[in-house]
Amino acid sequence: MIILMRSASPGEDLDRVVREAEAAGLRAQVVEASGRPAVALSGGEPPDPARFESLPGVAQVVASSGPWRLAARETRPEGTVVRVGDVALGGGDCVVIAGPCAVESETQLLTTAHLVKQAGARLLRGGAFKPRTSPYSFEGLGLPALRLLARARQETGLPIVTEALDEASLGQVEEVADLIQIGTRNMHNAGLLRSAARTGKPILLKRGMAATLEEFLMAAEYVLAEGNRNVVLCERGIRTFSRHSRYTLDLSIVPAVHEATHLPIVVDPSHATGRRDRVPPMARAALAAGADGLLLEVHPTPERSRSDGPQALLPAQFAALVQELRALSATLDRGREVAR
Ligand code: PEP
Ligand code: MN
């Protein structure tokens, strides 16, 4: 439950609400909701709203749809806009994030960066530190890859999205990333979430491959609770009994996220499907479902890729898909365009 205060209410009104909550055996956390003070309540039995509605300075008492507090839509009904360089995620348009799974070489990254930019990507992705299922697989070039990403940004102007795999490499990643990715395997890593949040950089939080909506939002809550409000969620497919697809893209989470929280959500059809021929239909569906962005893997020579080659779009396929998405967004008539 969240108690929204009137903007002009004095501090003593806020203190009174906190005391009343504590007297009712609840935990009270003072937060900001749409620029106004608010008190988020948790723990104990849900209180009678009337107990708070009558207190001086209280504008409204709203029930949150779950245990999340700072992520609750009620605390920011207008939605959060996460700014990454000159790009706005959650501002109403669908932002295309593209690039290779992993940075493999100067030629591979710079070629891809220029091609995806030309085709309409607004952010460049590429892993320097790769979480792999097998310890014998390619785990990324590390620091040299970060240097190449910085160079790609310099040449193209595209802000960089790259993953922080652990706390040991976070410092290096932080220096280059404009948007720090936390991968599916680390969604439950509270220590990494907290440390990444404290960098102050925006965070792209991928859904754990077996996480419920509640677990996903509570992971976001770890970042928000550190005072970092710039979280972008990412649906990347979950584990189900289906075997026709690498994971199952759970698009139904997009409207559920928009209802429950003010945070933007992007969709990654590349990791979800694992096959490049399945990426375009799922990308179109994600746009139609209201995704605030798409994360797409692109590689100039996928057959030689050291990770996730089968799901990487060829540059020409990527360019055609962006054109298709632009045409689709015009027919959807929801005001959501593919960001230019
Ligand atoms: C990735 O984006 O390259 C990646 C490894 O994603 P995920 O954590 O969703 O598997
Ligand atoms: Mn990948």
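Remember, it's 1-based here, ligands and their atoms both numbered in the order they're listed.
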Any atoms of ligand 1 less than 4.0 Å from a non-hydrogen atom of R125? List them with their elements. 1 (C), 2 (O), 3 (O)
Closer than 2.8 Å to the Mn ion (ligand 2), what protein N/O/S atoms do you find? C101 SG, H271 NE2, E297 OE2, D308 OD2
D308: which of K130, R132, R125, R246 passes salt bridge (Lys or Arg N to Asp or Glu O under 4.0 Å): R246
Is ligand 1 less than 4.0 angstrom away from at least one heavy atom of R207? no
Is the number of heavy atoms from other residues, nucleotides or ligands under 6.0 Å of F129 CZ greater than 12? yes
Does a donor on one side chain sit under 3.5 Å from an acceptor on the other, for H271 and E297? yes
Salt bridge check: are D93 and R340 linked by an N-O gap of less than 4.0 Å? no
Determine, for R151 against E155, whether the closest basic-nitrogen to carboxylate-oxygen distance falls under 4.0 angstrom. yes
Proximal ligand 1 atoms for G183, defined as those under 4.0 Å from one of its heavy atoms: 8 (O)
Shortest protein heavy-atom distance from atom 6 (O) of ligand 1, along with the residue and atom involved: K206 NZ, 2.8 Å
Can an N or O of D308 be found at a distance shorter than 3.5 Å from an N or O of ligand 1? no
Scan side-chain atoms only and decide if Q311 and S270 contain a donor-acceptor pair under the 3.5 Å cut-off. no
Shortest protein heavy-atom distance from atom 3 (O) of ligand 1, along with the residue and atom involved: K130 NZ, 2.7 Å
One finds that the ligand 1 atoms under 4.0 Å from a non-hydrogen atom of E297 are 3 (O)
Among non-hydrogen protein atoms, atom 10 (O) of ligand 1 lies closest to R236 NH2, 2.9 Å
Tell me yes or no: between the side chains of S42 and R69, is some donor less than 3.5 Å from an acceptor? yes
Using a strict 4.0 Å threshold on nitrogen-to-oxygen distance, state whether R284 and E324 make a salt bridge. yes
Of T80, L123, V81, the residue whose pairing with L89 passes side chain to side chain contact (heavy atoms under 4.5 Å, CB included): L123
Return the residue, atom name and 0.1 Å-rounded distance of the protein heavy atom closest to atom 4 (C) of ligand 1. H271 NE2, 3.4 Å
Establish, from distance only, whether the side-chain atoms of H299 and E104 form a donor-acceptor pair under 3.5 Å. yes
For T261, does its backbone N or O pair with a side-chain atom of R73 as donor and acceptor, under 3.5 Å? yes
Heavy atom of the protein closest to atom 8 (O) of ligand 1 (residue, atom name, distance): T184 N, 2.9 Å
